[in-house]
**Q** 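Input: one structure, supplied below.
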Amino acid sequence: LPTVTGIEVESIVFPPYFKPPGATNTLFLGGAGVRCVEIESKFVKVTVIGVYLEDKAIPSLAVKWKGKSAEELKGSLEFYRDITNGSFEKCLQVTTILSLTGEQFSQKLAENSISFSKDGIIPEAANVVLEIEKLGQAITEMIIGKHGVSPEVKQNLASRFSDIMN
């Protein structure tokens with residue numbers, strides 16, 4: 001596993017390494033950040049997101065992205081698609097920091113298709129395990145893709161991967 005540090009986002013601590021419930025591999029923290037939504041013309045922080053990856057993500061991504069700066073990675077939709085579509089395990093930890101009303105939640109449902117926790121504690125058993133590859137890719141794309149819900153997660157992934165691969 002690469003040497004990485006944990007990240008604290010809005011008082012939620014994402015440890016540097018994580019073994020998802022039921023998984024055989026320990027994953028490393030690729031990046032983390034806050035997700036905001038627009039409610040009544042104001043952007044409010046509603047969740048924090050940690051993206052964990054299997055260590056074979058590094059050599060897989062390094063083939064194309066080694067030597068690139070954080071800014072180059074951040075500006076490349078293809079970099080995030082390579083993460084999304086890569087043949088390595090991924091785990092998204094999403095923690096709610098502001099609960100939405102039923103109406104607000106239903107409006108954002110398509111963006112909230114991921115398991116949540118209220119306190120940042122990783123459950124003993126998996127809430128949701130996505131073994132349907134295309135669905136997992138779609139959810140990851142929703143977070144870090146072209147219209148990703150957290151620019152902060154994308155920036156953090158770009159910065160950390162630039163450091164790891166260079």
**Q** Ignoring hydrogens, what is the shortest heavy-atom contact between Ala70 and Ser159? Give both atom names and the distance.
**A** CB-CA, 3.7 Å
**Q** Roughly how far apart are Ile49 CD1 and Ile143 CD1, rounded to 0.5 Å?
**A** 4.0 Å
**Q** Do Thr95 and Thr47 come within less than 4.5 Å of each other through their side chains, counting heavy atoms only?
**A** no
**Q** Tell me the closest heavy-atom pair linking Pro59 and Asp55, and the distance in Å.
**A** CD-O, 3.4 Å
**Q** Can you list every pair that meets salt bridge (charged side-chain N to carboxylate O under 4.0 Å, His left out) and has a residue in residues 153-166, with sequence neighbours left out?
**A** none
**Q** Can we say Lys56 and Glu89 salt-bridge, meaning some charged N sits less than 4.0 Å from an Asp/Glu carboxylate O?
**A** no
**Q** What orientation do Phe14 and Tyr52 show, parallel under 30°, tilted 30 to 60°, or perpendicular over 60°?
**A** tilted
**Q** Of the non-hydrogen atoms in Tyr80 and Leu73, which two are nearest, and what is the gap between them?
**A** CE1-O, 3.6 Å
**Q** Once you round to the nearest 0.5 Å, how far does CG of Leu92 lie from OG of Ser150?
**A** 11.0 Å
**Q** What's the spacing between Leu61 CG and Met165 CE if we round to 0.5 Å?
**A** 6.0 Å
**Q** Inspect the contact between Lys45 and Glu10 and indicate whether a charged nitrogen and a carboxylate oxygen are less than 4.0 angstrom apart.
**A** yes
**Q** Can you run down the salt bridge (charged side-chain N to carboxylate O under 4.0 Å, His left out) pairs that involve residues 65-80, sequence neighbours left out, and say none if there aren't any?
**A** Lys64-Glu78
**Q** With the side chain counted from C-beta on, respond yes when Cys91 and Phe18 share a heavy-atom pair under 4.5 Å apart, and no when they do not.
**A** yes
**Q** Is Leu77 reachable from Val153 through a run of hydrophobic residues whose side-chain heavy atoms are each under 4.5 Å from the next?
**A** no
**Q** Do Val44 and Val46 have side chains that get closer than 4.5 Å, going by heavy atoms?
**A** yes
**Q** Any heavy-atom pair between the side chains of Glu141 and Arg81 that's under 4.5 Å?
**A** yes
**Q** Atom CG in Asn166, atom OG in Ser69: separation rounded to 0.5 Å?
**A** 8.5 Å
**Q** Any side-chain to backbone donor/acceptor pair from Thr140 onto Thr84? Under 3.5 Å, distance only.
**A** no
**Q** For Pro2 versus Ile164, what's the shortest heavy-atom pair and its separation?
**A** CB-CG2, 4.4 Å
**Q** Examine distances only and state if a side-chain atom of Asn25 and a backbone atom of Glu54 form a donor-acceptor pair shorter than 3.5 Å.
**A** no
**Q** Looking at Glu152, is its backbone amide N or carbonyl O close enough to the side chain of Asn156 to form a donor-acceptor pair, meaning the two atoms are under 3.5 Å apart?
**A** no
**Q** Which atom names give the shortest non-hydrogen contact between Leu53 and Gly30, and what distance separates them?
**A** CD1-CA, 4.4 Å
**Q** Drop me the distance from Ile83's CD1 to Phe161's CZ, to the nearest 0.5 angstrom.
**A** 5.0 Å
**Q** Hey, does Val4 have a side-chain heavy atom less than 4.5 Å from the side chain of Pro16?
**A** yes
**Q** Calculate, to the nearest 0.5 Å, the distance between atoms OG and CH2 belonging to Ser162 and Trp65 respectively.
**A** 12.0 Å
**Q** Heavy atoms, side chains only, cut-off 4.5 Å: are Pro15 and Leu29 in contact?
**A** no
**Q** Honestly, is Lys19 close enough over Tyr17, meaning NZ or CZ under 6.0 Å from the six-membered ring centre and within 45° of the axis?
**A** no
